[in-house]
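Read through the structure below, which is laid out as structure tokens, and then see the notes.
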Amino acid sequence: MSIPLLDLKAQYRDLKTELDGAIEEVMSSAGFIGGPHVRELESEIAEYCGTRHAVACGNGTDALFLILAAMGIGKGAEVITTPFTFIATAEAIAHVGATPVFVDVEPDTYNLDVSQIEAAVTERTRAIMPVHIFGQCADMDPIREIARRHDLRVIEDACQAIGATYRGARAGSLGDVAAFSFFPSKNLGCAGDGGILTTDDEELAQACRKLANHGTTVKYYHDTIGVNSRLDALQAAILRVKLPHLDRWNAERRAAAARYDELLADSGLTLTATREYGESVVHLYIVRHPERDRLMEALRDAGIGTAAYYPVPLHRQEAFAHLGSGAGALPVAESVAEQTFALPGFPGITDAQQAEVVRVLREALG
Ligand SMILES: *Cc1c(COP(=O)(O)O)cnc(C)c1O
């Protein structure tokens, strides 16, 4: 039985009529940049996340960049974030000229260890950028409290967590502003690159919108140097077909995770802890074991999709070598990076498929 890590073809089959209709409508209208679908998607995402504003842009990395640039965070500034994430989080910080300051993670949720944040605050710190890793929110109350005490902004990297909750509120509404990605493999994905940012701060939303559109609000008059980072009308139309299904897909991901948790309880694998403060959207179902590479090989040999998330923590990447973080600097991130991997947990995965994944793993574990 071949089981992919993620099955995007099944999703297209389910929604083919609606998706093809939306694509055809945009093609016939020949309105490819901006327009009603982009505006409607922005208000639908703002409403979904519980924020006053949403600003669509080219991708999740750009959303983070636009936020930082609009806040005036740049050269000489420091932004506290996690090393156990996709490179884009810290890349955006570096691209505005600021310095990412990495704080270690929790060994059971892989989110920022909030007890270590305050020690990393300096006179140059301007913001904290938690990542809601693998779909579970970081512990936002202590993060917001530290930010309040030191007058810092809180920027959520919510790229993996659309729909996740923290004490009843949705990711995207938990800090000053948040970035989301619509990369195809994300919980809400488009047919290419796409992103959006959410905030209650009208001034910030306008500043981001202007930066994303060549620094202009009135055509051919440019107040600042911006960039070209817009969401295509085609992508917006596709996302509007998918958004009404997101909660169901997220519930299916959670159900698959709960089933794995049960089936793997005494297997010797370390499972991802779920915190009571909110609901995860299980972007990836992650397990941990010292013999990761051997277990992943057994899965692949059996035709089962798997991948290591993340094999190298950001402070140990060549691209950030100039920051001078040696081996041992962030021991938890370094140790989990050698052990964590994802199992197929996509919406619609069947009981039989999960049973097969568990059978292969248990056999390899001996
Ligand atoms: C996917 C992702 C991003 C970047 O999103 P793109 O749309 O691919 O630019 C940023 N941060 C995290 C944590 C992500 O998973």
Side-chain angles (χ1 to χ4, degrees), residues 5-6 8 41 45 54-69 79-96 100 102-103 105 109-112 127-138 140 143 154-164 171-172 174-175 177-198 208 212 227-232 235-236 238-239 242 250 253 272 280-286 307-315 317 319-320 333 336-337 340 342 345-346:
L5 185 56
L6 175 67
L8 283 175
L41 178 75
I45 293 287
V55 179
C57 61
N59 54 69
T61 314
D62 279 3
L64 291 167
F65 167 83
L66 292 166
I67 290 165
L68 290 161
V79 178
I80 292 173
T81 191
T82 163
F84 198 62
T85 176
F86 181 53
I87 185 79
T89 312
E91 206 175 35
I93 297 167
H95 266 306
V96 294
F102 299 113
V103 165
V105 295
T109 65
Y110 314 116
N111 268 317
L112 265 179
I128 307 173
M129 188 183 282
V131 178
H132 306 315
I133 201 73
F134 307 134
Q136 176 166 227
C137 289
M140 295 302 289
I143 291 174
V154 176
I155 303 164
E156 295 171 76
D157 180 340
C159 288
Q160 301 186 0
I162 191 160
L174 306 174
V177 59
F180 291 97
S181 165
F182 300 129
F183 185 80
S185 67
K186 301 290 157 93
N187 289 36
L188 179 64
C190 61
D193 279 308
I196 204 162
L197 58 96
T198 54
C208 289
V227 295
N228 177 0
S229 182
R230 298 175 295 221
L231 184 72
D232 293 338
Q235 302 301 352
I238 287 166
L239 289 162
K242 290 189 177 192
N250 283 343
R253 287 174 184 271
T272 303
S280 170
V281 291
V282 200
H283 172 59
L284 290 168
Y285 184 82
I286 297 289
Y309 291 96
Y310 290 93
V312 183
L314 299 193
H315 67 292
Q317 295 282 355
F320 287 118
V336 298
T340 41
F346 51 87

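All values below were derived from every heavy atom in this structure, side-chain atoms included, with hydrogens, water molecules and symmetry-related copies excluded. One-based numbering, in listed order, for ligands and for the atoms of each. Please read these numbers as outputs of a predicted model, since none were measured by experiment.
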(Q) Looking at ligand 1, would D157 count as a contact under a 4.0 Å heavy-atom criterion? (A) yes
Q.
Among Q160, H132, K186, which one puts a heavy atom closest to atom 2 (C) of ligand 1?
A. K186
Q.
Out of all atoms in ligand 1, which are within 4.0 Å of some heavy atom of N59? Include the element for each.
A. 7 (O), 9 (O)
Q | V154, I80, L174 screened by side-chain contact (heavy atoms from CB on, under 4.5 Å) with I143, the one that passes | A | V154
Q. Between F84 and Y110, what is the ring plane arrangement, given parallel below 30°, perpendicular above 60°, and tilted in between?
A. tilted
**Q.** Approximate separation, where rounding is to 0.5 Å, of K242 NZ and N187 CG
**A.** 11.0 Å
**Q.** Ligand-residue contact atoms, ligand 1 with A88, heavy atoms, under 4.0 Å
**A.** 3 (C), 4 (C), 10 (C)
(Q) For atom 7 (O) of ligand 1, what is the closest protein heavy atom, and at what distance to 0.1 Å? (A) S181 OG, 2.6 Å
(Q) Under 4.0 Å, heavy-atom basis, I'd like to know which part of T85 is in contact with ligand 1: side chain, backbone, both or neither. (A) side chain
Q) So which bit of V131 gets within less than 4.0 Å of ligand 1, heavy atoms only: side chain, backbone, both or neither? A) side chain
**Q.** N or O pair under 3.5 Å between F86 and ligand 1
**A.** no
Q) How close do G60 and A179 get, heavy atom to heavy atom, and via which atoms? A) O-CB, 4.2 Å
Q) OG1/T82 to CE/M129 distance, rounded to the nearest 0.5 angstrom? A) 11.5 Å
Q | Distance-minimising heavy-atom pair for T61 and A92 | A | O-CB, 4.0 Å
Q. Does any N/O atom on T61 come nearer than 3.5 Å to any N/O atom on ligand 1?
A. yes
Q) Can you tell me how far the SG atom of C137 sits from the CG atom of N111, to the nearest 0.5 Å? A) 8.0 Å
Q: Heavy-atom contacts with C159 under 4.0 Å: which atoms of ligand 1 show up? List them by number with element.
A: 2 (C), 3 (C), 10 (C), 11 (N), 12 (C), 14 (C)
